[in-house]
Amino acid sequence: MNALLLLRHGQSDWNAQNRFTGFVDVDLTEAGEAEARKGGRALRGMPIDRLYASTLKRAYRTVELAMDACGDNEKLRDAEGHWIITRHDDLRERDYGDLAGLNKAETAERYGKEQVHIWRRSYDVAPPGGESLADVVARVGPYYEREILPKLRAGETVLVGAHGNTVRALLVVLGMNTPDDISGVEIPTGVPMLFELKDGRPTAYRFLDGEAAAE
Ligand SMILES: O=C(O)[C@H](O)COP(=O)(O)O
């Protein structure tokens with residue numbers, strides 16, 4: 001099999017509290033861990049050759065839990081039984097800067113819903129002290145082209161544990177969306193996205209939200 005799999009982390013503690021998170025390294029909730037395991041079950045029977053994640057624990061824990069639940073691909077464990085996951089800062093969630101830790105609803109009351117929507121979903125306007133989606137594209141894109149695309153072109157299937165805005169940035173990098181229409185795209189937590197490849201490049205994707213096999 002030759003495919004790209006993107007997996008937004010399961011629900012995090014600050015997702016559950018409706019707080020801006022960004023670079024802050026928060027844990028998964030129990031519900032988020034269950035989402036990760038459900039996502040893993042949807043991957044059963046799918047040969048995976050390589051695992052990536054951001055350096056934030058909510059992303060690589062999601063990959064670990066998903067792979068545990070998937071139950072296949074034991075070749076990707078090291079001698080101690082840990083999943084071999086290439087982790088990199090460039091795959092982190094967008095930096096929400098000064099908004100990190102603030103409640104999203106309270107922030108909308110303080111600055112206005114329109115301003116918060118612009119900070120969250122515009123392409124080139126960054127939240128104060130943080131990154132715009134364009135900034136995320138500028139760091140995720142080169143990492144993808146340098147590290148992941150060559151593996152896909154070599155015929156591998158690669159799973160990347162990421163974040164809402166790194167997935168959205170990759171959809172722009174992959175040409176699935178444009179800077180104009182990406183603002184309307186939302187990524188569910190814990191649901192694997194399977195990208196079909198043509199000549200080593202992703203051409204279309206679908207969500208694997210039906211479980212391949214019940215628990
Ligand atoms: O970092 C965060 O706050 C969330 O994971 C993504 O936030 P957003 O959906 O508001 O961009």
Side-chain angles (χ1 to χ4, degrees), residues 6-36 38-39 52-66 87-141 143 160-174 176-193 205 207 209:
L6 297 184
L7 178 57
R8 182 186 178 190
H9 62 80
Q11 182 196 61
S12 72
D13 286 338
W14 281 12
N15 288 157
Q17 297 170 29
N18 199 31
R19 294 185 183 280
F20 290 104
T21 313
F23 282 178
V24 180
D25 199 6
V26 298
D27 284 315
L28 295 171
T29 61
E30 287 185 13
E33 293 178 347
E35 287 178 338
K38 180 180 179 182
Y52 289 88
S54 81
T55 49
L56 295 171
K57 66 171 74 99
R58 58 189 185 272
Y60 62 78
R61 278 296 295 144
T62 292
V63 173
E64 290 170 342
L65 292 167
R87 306 175 192 181
H88 202 282
D89 276 350
D90 284 349
L91 294 174
R92 285 178 296 172
E93 174 60 84
R94 160 240 295 280
D95 181 2
Y96 261 112
D98 302 347
L99 301 185
L102 298 182
N103 179 279
K104 294 179 184 180
E106 292 168 5
T107 305
E109 286 173 15
R110 179 174 178 186
Y111 294 101
K113 284 184 178 180
E114 180 58 26
Q115 177 60 77
V116 170
H117 183 73
I118 290 169
W119 284 332
R120 290 186 65 210
R121 291 294 177 266
S122 71
Y123 187 70
D124 52 10
V125 175
E131 291 178 304
S132 66
L133 190 63
D135 294 328
V136 181
V137 167
R139 62 174 162 86
V140 169
Y143 183 83
V160 182
H163 304 263
N165 291 298
T166 44
V167 172
R168 296 172 70 246
L170 276 169
L171 290 174
V172 174
V173 170
L174 298 174
M176 305 289 164
N177 287 95
T178 69
D180 291 331
D181 66 23
I182 192 64
S183 63
V185 175
E186 296 296 336
I187 307 298
T189 48
V191 181
M193 302 163 74
Y205 70 95
F207 286 94
D209 45 12

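In listed order, ligands and their atoms are each counted from 1. Scope of the values below: all heavy atoms of this structure, side chains included, with no hydrogens, waters or symmetry mates.
Of the candidates Asp181, Val137, Asp180, Val137 is the only one forming a side chain to side chain contact (heavy atoms under 4.5 Å, CB included) with Tyr123.
With respect to atom 2 (C) of ligand 1, the closest heavy atom belonging to the protein is Thr21 N, 3.4 Å. Distance from atom 11 (O) of ligand 1 to its nearest protein heavy atom, with residue and atom name: Tyr96 OH, 2.6 Å. Nearest protein heavy-atom neighbour of atom 6 (C) of ligand 1: Glu93 OE1, 3.7 Å. Nearest to atom 10 (O) of ligand 1 among the protein's heavy atoms is Arg120 NE, 2.5 Å.
Donor-acceptor pairing under 3.5 Å is recorded for the side chains of Asp89 and Thr55.
In terms of modelled atom types and a separation under 3.5 Å, the side chain of Arg168 and the main chain of Asn177 share no donor-acceptor contact. When atom types are taken as modelled, the side chain of Arg61 and the backbone of Arg58 share no donor-acceptor pair closer than 3.5 angstrom.
Proximity annotation for atom 7 (O) of ligand 1: of Lys104, Arg94, His9, Lys104 comes nearest, heavy atoms only.
Using a 4.5 Å heavy-atom threshold, the side chains of Leu102 and Tyr96 count as separate. Thr62 is listed as a side-chain neighbour of Leu28, based on a closest heavy-atom distance under 4.5 Å.
When ring centroids are compared, Phe20 and Trp119 stay outside the 6.0 Å threshold.
For Phe20, no nitrogen or oxygen atom sits less than 3.5 Å from a nitrogen or oxygen atom of ligand 1, counting backbone and side chain alike.
Listed by number with element, the atoms of ligand 1 under 4.0 Å from a non-hydrogen atom of Arg19 are 3 (O). Every atom of ligand 1 with a heavy atom of Asn165 under 4.0 Å away is listed here by number and element: 6 (C), 11 (O). Near Arg121, meaning under 4.0 Å from one of its heavy atoms, ligand 1 places the atoms 8 (P), 9 (O), 11 (O). Those atoms of ligand 1 that come under 4.0 Å of a heavy atom in Gly22, given as number and element, are 1 (O), 2 (C).
Contacts of Trp14 with ligand 1, taken as heavy-atom pairs under 4.0 Å, are absent altogether.
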- Just do the side chain to side chain donor-acceptor pair (under 3.5 Å) check on Thr189 and Gln11 with the steps written out, would you? CA-CA 6 Å; Thr189 48; Gln11 182 196 61; over 6 Å; no
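Residue contacts with ligand 1 leave out Gly164, since none of its heavy atoms falls under 4.0 Å from the ligand. For the ligand labelled ligand 1, residue Arg8 lies inside the 4.0 Å heavy-atom shell.
For Gln17, the CD atom is densely surrounded, since the number of other residues' heavy atoms within 6.0 Å is greater than 12.
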